[in-house]
There are 2 protein chains.
Amino acid sequence: MRPDEAALLEKHGIKPSAQRVAVAEFVLHTDAHPSADEVWSRVRERFPMVSRATVYNTLNLFVEKGLIRQLTLTGGRVVFDPNVEKHHHFIDEETGRIYDVPWEALRVSRVDDIDGFEVHAYQVVLRGKKRSRRRRT
Amino acid sequence: MRPDEAALLEKHGIKPSAQRVAVAEFVLHTDAHPSADEVWSRVRERFPMVSRATVYNTLNLFVEKGLIRQLTLTGGRVVFDPNVEKHHHFIDEETGRIYDVPWEALRVSRVDDIDGFEVHAYQVVLRGKKRSRRRRT
DNA sequence: TCTATCTTTAGACTTAGTCTAAGTAAATGC
DNA sequence: GCATTTACTTAGACTAAGTCTAAAGATAGA
């Protein structure tokens, strides 16, 4: 149980149990946009007795306390994202993988101007193919 | 079995059975963004012996043939939209209802310019509160 | 009409997620 | 330090959404 993770949880008003810290250690440091069951199986590698209900409860608690966000972008899949700053998402149509796109990469105009709607938040969801970079996978 | 629906299905390469036409008659003329089970229960009102598998198969077939689109915008809910033209979506955070937003209502800049991604399609997903209009509900 | 193909059906199965009741652990009062 | 309350976790039952399967029914062509 890493002290830094425990402190972070406390800062968000969450009592840091061993299970919660184990979930935090994985879900706060991934950019893979895992589903709840993916988080569960990763946490179980190091913590085999953790129950599914605990992982689901913990993830929902983290969302409620603003540590992570829940996304549903494609195919009814619910995934979690530790990036809670404003950003957009790109979905690779071949692999289904989700990538974060920086907020500044796009500009959306006239958002406040839509007749009959009071917009609190928005994001652009892009779909396409990820280009293979030269040096990295 | 309305002849116009049957003709539309055939135009899209779909053999128009009674069940398929019944699904089409509902799902092609709604802006309520229904889930598959909602479509099933609506179709059953007029066609009580239709099976769930048929409705699911039919909806997937319609998606594949480009008659409707499948959306997953919120809470892991999969819904269907007969509007296959480019458009954006607004989600009422209080009711969960989804509204179509015309493509021209917003402009997104620099979409083709994102490093490492080849964008085939995109949409803006907006969240907020629907203002109550004066005269209509 | 016979046969091959396509479609539909009911129900079994799977997967994601929630709920419940019992057990543990941690915090509080004294 | 011990008892009591409160919070957390557990296993497993349950539910909802969706897929699969095997059999039956409908359709079209020879």
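Because the structure is predicted, anything quoted here is derived from the model rather than measured. Below, read A as the first sequence line, B as the second, and so on, with proteins coming before strands; counting in each chain starts at 1.
Computed from coordinates, the B:Trp40 CH2 to D:dG18 C1' distance equals 12 Å when rounded to whole Å. Rounded to a whole Å, the OH atom of B:Tyr56 is 10 Å from the C1' atom of D:dT19. Following rounding to the nearest Å, A:Leu9 (CG) and D:dC8 (P) show an atom-to-atom distance of 12 Å.
Ion pairing of B:Asp92 with B:Arg127 is absent here, as no side-chain N (NZ or NE/NH1/NH2) approaches a carboxylate O to less than 4.0 Å. Look at B:Arg46 and B:Glu25 and you find a salt bridge, because one of the NZ, NE, NH1 or NH2 atoms lies within 4.0 Å of a carboxylate O, short of that distance.
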For every nucleotide of nucleotides 24-30 of chain D, 5' to 3': is a protein heavy atom under 4.0 Å from its base (B), only from its sugar-phosphate (S), or from neither (-)?
-------

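Judged by closest nucleotide on DNA chain C, A:Asp37 is the one of A:Asn57 and A:Asp37 placed further toward the 5' end.
The shortest distance between side-chain heavy atoms of A:Arg20 and A:Ile14 falls below 4.5 Å. The shortest distance between side-chain heavy atoms of B:Pro34 and B:Phe26 falls below 4.5 Å.
A:Val39 and A:Ile98 fall into different hydrophobic clusters, where Ile, Leu, Val, Met, Phe, Trp and Tyr are joined by side-chain heavy atoms under 4.5 Å apart, directly or via other members. Following chains of ILVMFWY side-chain contacts shorter than 4.5 Å, one can reach B:Ile114 starting from A:Trp103, so the two form part of one hydrophobic cluster. If you chain together hydrophobic residues whose side chains sit under 4.5 Å apart, B:Tyr122 and A:Phe90 fall into the same group.
Judged by a 6.0 Å distance limit and a 45° cone about the ring axis, A:Arg44 is positioned over the six-membered ring of A:Trp40. Note that B:Lys130 lies in the cation-pi zone of B:Tyr99, set by a 6.0 Å cut-off to the ring centre and a 45° limit from the axis.
No donor-acceptor contact under 3.5 angstrom links the side chains of B:His88 and B:Glu104, judged on distance only.
For the contact set between residues 42-54 of chain B and DNA chain C, defined by any heavy atom under 4.0 Å, the members are B:Met49, B:Val50, B:Ser51, B:Ala53, B:Thr54. Near DNA chain D, meaning a heavy atom under 4.0 Å away, the residues from residues 58-72 of chain B are B:Asn60.
Counting heavy-atom neighbours within 6.0 Å of B:Asp31 CG, excluding the residue itself, gives a total of 12 or less.
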Let me have the donor-acceptor pairs involving side chains of residues 58-65 of chain B, under 3.5 Å, with sequence neighbours excluded, atom names and distances please.
| from | atom 1 | to | atom 2 | distance (Å) |
| --- | --- | --- | --- | --- |
| B:Thr58 | OG1 | B:Thr54 | O | 2.6 |
| B:Asn60 | ND2 | B:Tyr56 | O | 3.3 |

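Nucleotides of DNA chain C that come within less than 4.0 Å of any heavy atom of chain A span, from the 5' end to the 3' end, C:dA16 to C:dC19.
Listed by first and then second residue, the side chain to side chain donor-acceptor pair (under 3.5 Å) pairs involving residues 72-82 of chain B are B:His33-B:Asp81, B:Asp81-B:His87, B:Asp81-B:His89 (not counting sequence neighbours).
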